[in-house]
K.L.:
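Here it is, the structure, as structure tokens.
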Amino acid sequence: MIVLNGTGVSSGIAYGKIRFFRHSKCAVEKISVSDTDREIKRWREAANDASAQLLEMAQRQEGGDAADLFETHRLMLRDPDFVEAIEKEIVESSVNAEAAVEVVGKRFSQMFSSMENDYMRERSADVDDVSNRLINILSGSLEQESGVPTSPVIIAADDLSPSETVLLDRSTILGFILINGSKNSHTAILARNLGIPAIIGIGDKLASELDGRYAVMDGSEGMAVIDPDERMMRELEKKRQHENAQKRRMDALRGKPDVTEDGKNIKVYANIASPADVKYVLENDAAGIGLFRSEFLFLESGSLPTEEQQFEAYSSVLKKMEGREVIIRTLDIGADKNAEYLGLEREHNPELGMRGIRLCLTRPDIFKTQLRALYKASVYGKLLIMFPMVAGLWELIDAKRICREVREELSEKGVAFDEHVPIGIMVETPAAALIADDLAKEADFFSVGTNDLTQYTLAADRQGSALERFYDVAHPAVMRLIEETIRAAHANGIWAGICGESAADTSLTEQFLKMGADEFSVSPKTILPLRGAVRSGKAY
Ligand code: PEP
Ligand code: MG
């Protein structure tokens, strides 16, 4: 029995033969050429063929992440910098198209992999993927045997490119175990979407000698066992039955209303970080979006997203949610979320520094651009705007004044927008909870951010792993502040929800319901378990 440990990125139990995936990339031969025009023509034809292949693959996916991914690859093929670099390489180095694609592909891939932002770093796998596709087309190696299996196996590999992953036939894959890989890579995301167990980062212990051996894997624990003994098999079989029963129970909650046993309607909403996450919101049957962390749009790019880019992002979410409520939180940058291009001063204590609404009030240019994009998008659905990190009444009043100015400017220009977009705040500082009565007179709703509220109430850094037992989300002081916030909201005729991680902790649901919570916003995969807890809980 050999035990391999890695990081579980998609849960589930699988048992079967290991099959090592062979990449179909062929070796590139560098050839000096005199007719560079011919090579440019060959590369352009290959780019057209690659684009057609990707379009067909995207259409086969019928939407979703995989389709978006192939579309991104198609855009890369037309990227002016990429195109220009390849043609320049052919002409200046007098080389064949294959060699030029390989050199330029590597350069772009390295450029992405050296970026600080995780998302951008992971795009280097996409560049590799596009370059391999082009090289395969140019060298006519499309028919070459690939590692695609025909009978059900656990796929083992150093790493898999996104297009290798989606090309695999779902019915032949029991699970993925990877030597490398990253949690946020598309392979991990696609595995989760497909509901296939996956483990990444196993390291060199996962050697090709293991090809053909039997293994059992547990995607939630991040553990794979080669040649498991009977005891191990029995244990994991029991766990599998338990997971399947749990999943069936959860599936049965789809389409059911979010109403407590004693009849209170609750909003069970989802948290998202990007428009692509809406897919998971819909898949998990959430009734709305309770927190769109808009700052991720700012973190994903190397410069401030333009008003147009933001408008695209916000309106696409609103459209996809088809009239259901979408609460978009304005920029909450600062503390652990820093964008270098903003050139913010280094702070001694960033958690207590220029973050959230403080940054927006200090940089009204950035704030106004975001608000313009939000109001313009508001005609596409049911938008609610929410400010983060409010500590004082004047901050809310000032932010609302800026919203009013933006609305007036849009009206003057004759731009359509929803005049009645509700404006709420996150209650995530003890100060906000303690003056909730005053804030409730100015806000249309409250959403308690328990992650920060716990950190600031208990003076315990939410990121410090050594502080875990001191960072207690159910500490009586935190619970009292939440209760006070909800009481003040109701006394002033507005609703209050909870959107920090503890909103998904079903052992706390009943307490929150008893306090009067009207809404919960949680990560999409915890929607159905929370619905179960709400439906069996009592609010009165
Ligand atoms: C919170 O603080 O609870 C919250 C939801 O906001 P974030 O985790 O993005 O700080
Ligand atoms: Mg917060």
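When reading the values below, keep in mind they use all heavy atoms of this one structure, side chains included, and skip hydrogens, waters and symmetry mates. We count ligands from 1, going down the list as the structure has it; atoms in each ligand are counted the same way. Counting begins at 1 with the first residue of the sequence.
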K.L.:
Only heavy atoms of G500, strictly under 4.0 Å: list the atoms of ligand 1 that pass.
P.N.:
3 (O), 5 (C)
K.L.:
Got a salt bridge between R480 and E484, using NZ or NE/NH1/NH2 to carboxylate O under 4.0 Å?
P.N.:
no
K.L.:
Between the Mg ion (ligand 2) and D452, which N, O or S atom of the residue is the nearest one?
P.N.:
OD2
K.L.:
Starting from atom 8 (O) of ligand 1, what is the nearest protein heavy atom, named by residue and atom, and what distance separates them?
P.N.:
R462 NH2, 2.7 Å
K.L.:
Just by modelled atom types, is the A432 backbone N or O under 3.5 Å from a matching donor or acceptor in the T429 side chain?
P.N.:
yes
K.L.:
Look at atom 5 (C) of ligand 1 and say which protein heavy atom is nearest, naming residue and atom and giving the distance to 0.1 Å.
P.N.:
R293 NH2, 3.5 Å
K.L.:
Under 4.0 Å from ligand 1, counting heavy atoms only, is it the side chain of M426, its backbone, both or neither?
P.N.:
side chain
K.L.:
Taking only Lys NZ, Arg NE, NH1 and NH2, and the carboxylate oxygens of Asp or Glu, determine whether R329 and E295 approach each other closer than 4.0 Å.
P.N.:
yes
K.L.:
We want to know whether T454 and D452 form a side-chain donor-acceptor pair, criterion being a heavy-atom distance below 3.5 angstrom.
P.N.:
no
K.L.:
Are any non-hydrogen side-chain atoms of I333 and R355 less than 4.5 angstrom apart?
P.N.:
no
K.L.:
Identify the protein heavy atom lying closest to atom 6 (O) of ligand 1, giving its residue, its atom name and the separation to 0.1 Å.
P.N.:
R329 NH1, 2.9 Å
K.L.:
Counting from 1, what ligand 1 atoms have a heavy atom of L291 closer than 4.0 Å?
P.N.:
5 (C)
K.L.:
Below 2.8 Å, can you find an N, O or S atom of E428 next to the Mg ion (ligand 2)?
P.N.:
yes
K.L.:
Heavy-atom distance under 4.5 Å between the side chains of L297 and Y314, does that happen here?
P.N.:
yes
